[in-house]
Structure formats: C-alpha cells, structure tokens
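Quantities reported herein were computed from a predicted structural model and do not represent experimental measurements. The first residue in the sequence is number 1, and the count goes up from there.
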Amino acid sequence: MLYDQLTGALEALLFAAGEPISVADIATLMQLDKPQVWSLLGNLQAAYEQENRGLMLREVAGGYQLVTKPVHYNLITSLSKSRTVKLTNAALETLAIIAFKQPVTRAEMEGIRGVKVDGVVNTLLDLGLIEEAGRKKAPGNPLLYGTTDKFLQVFGMNSLEDLPRVELEQALEAPEKPEQQLLDMPE
C-alpha cells in the first residue's frame, strides 16, 4: 500500500515538474534513498509500458520526465495552438558545430561554416538551445558557447555522449567541399 502511494507521489512529482528531474533530486524531494527511487521508477515504468496508457517515462538530460507516447503525436499537435519553431539549415549547421566542438567561439563557428553566424547564434540563444559557456583565454577574450539541457531534451538525448560519432575513415573519405561531390557525380 505504501509502495503504491510512493509511486503515485513520484508520478505527481514528475508530472508537475514538466522537465527532467534527476534521481538525486527525486530522492531529496521525496526523502528517500536512491535505491528506493530506482525501484519506484521501475514500477512506474512498468505501469506506463501497458498499451492502454498515454504516457511514458523517458530518461533524458540526466533525469526522468513524463512524456506522451509517440503514437499520440497527431492528437497532441492538434491540441497545440502554439507555433512550432523550425530551425533553418543555417541554424542546424551552427547548432551541430556547437554540439560537437563545444565550447566554441563565434569566430571558430564562422571559420567552419565560412559565413557570419551572429544572427543564428542569437536565435539559438533566444530558443535556449545554447548558452554562454565562459570566455576563451585568447586575445579579446571571446565568448564561448555550449549546448544546454534544453538542447538535450529537445533532441531526446540523455547526455552529449549520445551524439553520433563519425568514424575517422568516413571523415577521410568525405570530400573537403560539397561542391566537389557534385562535380564528381556521374551524369
């Protein structure tokens, strides 16, 4: 009986938070030990795995969060009246550079992309996907940028270790410039 009440309390906590909560924070808030929290999370996970449930428990950004099941995507999006933010190719390219090279300066991003990134960086900052991560010890002490927990949450990752890794052989085989690839294609 007490175990069911604690599972209900955990469910209420995760629902009210809306954002991922770490096991350590759950343990502190519920005044439990971490093994007890892991047990409750397992119990809640099993309950949500039933087909008739609309929610699921997701491990993301170093914590746990209640989210809707993907099968209900169309229903949920029809409810939403808010505008969906779509990232431009330039924003996605810049975000990828930041994610893989962080901490990185604007000048380093521009060196990789070959164009100014001021507007794109400001947009990513406004969306909360990146943040200032200090200053580089170099002339002018330029700002460094890195990704945020919101970035992990939006892209469904638990940590930056979940980013795909490019094998060295693949990187060496890829053309240095995209134009080269187009020129080398058979007609």
Inset, instruction - Could you tell me whether the side chain of Glu49 and the main chain of Ala46 form a donor-acceptor pair under 3.5 Å? - result: no
Inset, instruction - State the CG-CD distance between Leu87 and Glu93, to the nearest 0.5 angstrom. - result: 11.5 Å
Inset, instruction - Identify the two heavy atoms, one from Tyr145 and one from Met109, that lie closest to each other, and give their separation to 0.1 Å. - result: CD1-CE, 3.6 Å
Inset, instruction - Of all the heavy-atom pairs spanning Tyr48 and Lys69, show the shortest one and how long it is. - result: O-NZ, 3.0 Å
Legend entry - Single-linkage hydrophobic cluster, 4.5 Å side-chain cutoff, Ile26 and Leu6 together: yes
Inset, instruction - Give the minimum heavy-atom separation between Gly146 and Gln102, together with the two atoms involved. - result: CA-OE1, 3.2 Å
What side-chain donor-acceptor pairs closer than 3.5 Å can you find for residues 124-136, not counting sequence neighbours?
unit_1, atom_1, unit_2, atom_2, d
Arg135, NH1, Asn141, O, 2.6
Lys136, NZ, Glu108, OE2, 2.5

Inset, instruction - With side-chain contact (heavy atoms from CB on, under 4.5 Å) as the test, would you mind laying out the steps for Ile112 and Thr94 before giving the verdict? - result: CA-CA 9 Å; Ile112 294 169; Thr94 305; over 6 Å; no
Legend entry - Heavy-atom donor-acceptor pair, Asp162 side chain to Asn158 backbone, under 3.5 Å: yes
Inset, instruction - Evaluate side-chain contact (heavy atoms from CB on, under 4.5 Å) for Leu143 paired with Thr105, printing each intermediate quantity in order. - result: CA-CA 6 Å; Leu143 285 170; Thr105 66; over 6 Å; no
Inset, instruction - Walk me through it: do Val104 and Leu144 pass the test side-chain contact (heavy atoms from CB on, under 4.5 Å)? - result: CA-CA 5 Å; Val104 62; Leu144 292 166; 5.7 Å; no
Legend entry - Approximate separation, where rounding is to 0.5 Å, of Leu66 CG and Leu14 CG: 5.0 Å
Legend entry - Trace of the side-chain contact (heavy atoms from CB on, under 4.5 Å) decision for Phe155 with Leu163: CA-CA 10 Å; Phe155 287 93; Leu163 286 169; over 6 Å; no
Legend entry - Between OG1 on residue Thr148 and CD1 on residue Ile98, distance to nearest 0.5 Å: 10.5 Å
Legend entry - Atom pair CZ/CD of Arg58 and Gln65 - distance to nearest 0.5 Å: 5.0 Å
Legend entry - Shortest non-hydrogen contact between Val60 and Leu152, atoms and distance: CG2-O, 3.8 Å
Under 3.5 Å, side-chain donor or acceptor atoms of residues 28-41 against the rest of the protein: list the pairs with distances, not counting sequence neighbours.
unit_1, atom_1, unit_2, atom_2, d
Thr28, OG1, Ala24, O, 3.0
Gln36, OE1, Asp33, N, 2.7
Ser39, OG, Tyr3, OH, 2.5

Legend entry - Test item: Tyr73 and Ile76 side chains (from C-beta on) under 4.5 Å apart, heavy atoms: no
Legend entry - In one Ile/Leu/Val/Met/Phe/Trp/Tyr side-chain cluster, 4.5 Å: Leu13, Leu57: yes
Inset, instruction - Any chance you could measure Asn43, atom CG, to Leu10, atom CG, to the nearest 0.5 Å? - result: 9.0 Å
Inset, instruction - State plainly whether one hydrophobic cluster holds both Leu95 and Leu160, where clusters connect Ile, Leu, Val, Met, Phe, Trp and Tyr through side-chain heavy atoms under 4.5 angstrom apart. - result: yes
Inset, instruction - Could you list all the salt bridge (charged side-chain N to carboxylate O under 4.0 Å, His left out) pairs where at least one residue sits in residues 6-24, not counting sequence neighbours? - result: Glu11-Arg53
Legend entry - Exercise: identify the closest heavy-atom pair between Ala61 and Pro20: CB-CG, 4.2 Å
Legend entry - Flag side-chain contact, heavy atom, 4.5 Å: Thr68 against Leu55: yes
Inset, instruction - Can you establish whether the number of heavy atoms outside Asp118 located under 6.0 Å from its atom CG is more than 12? - result: yes
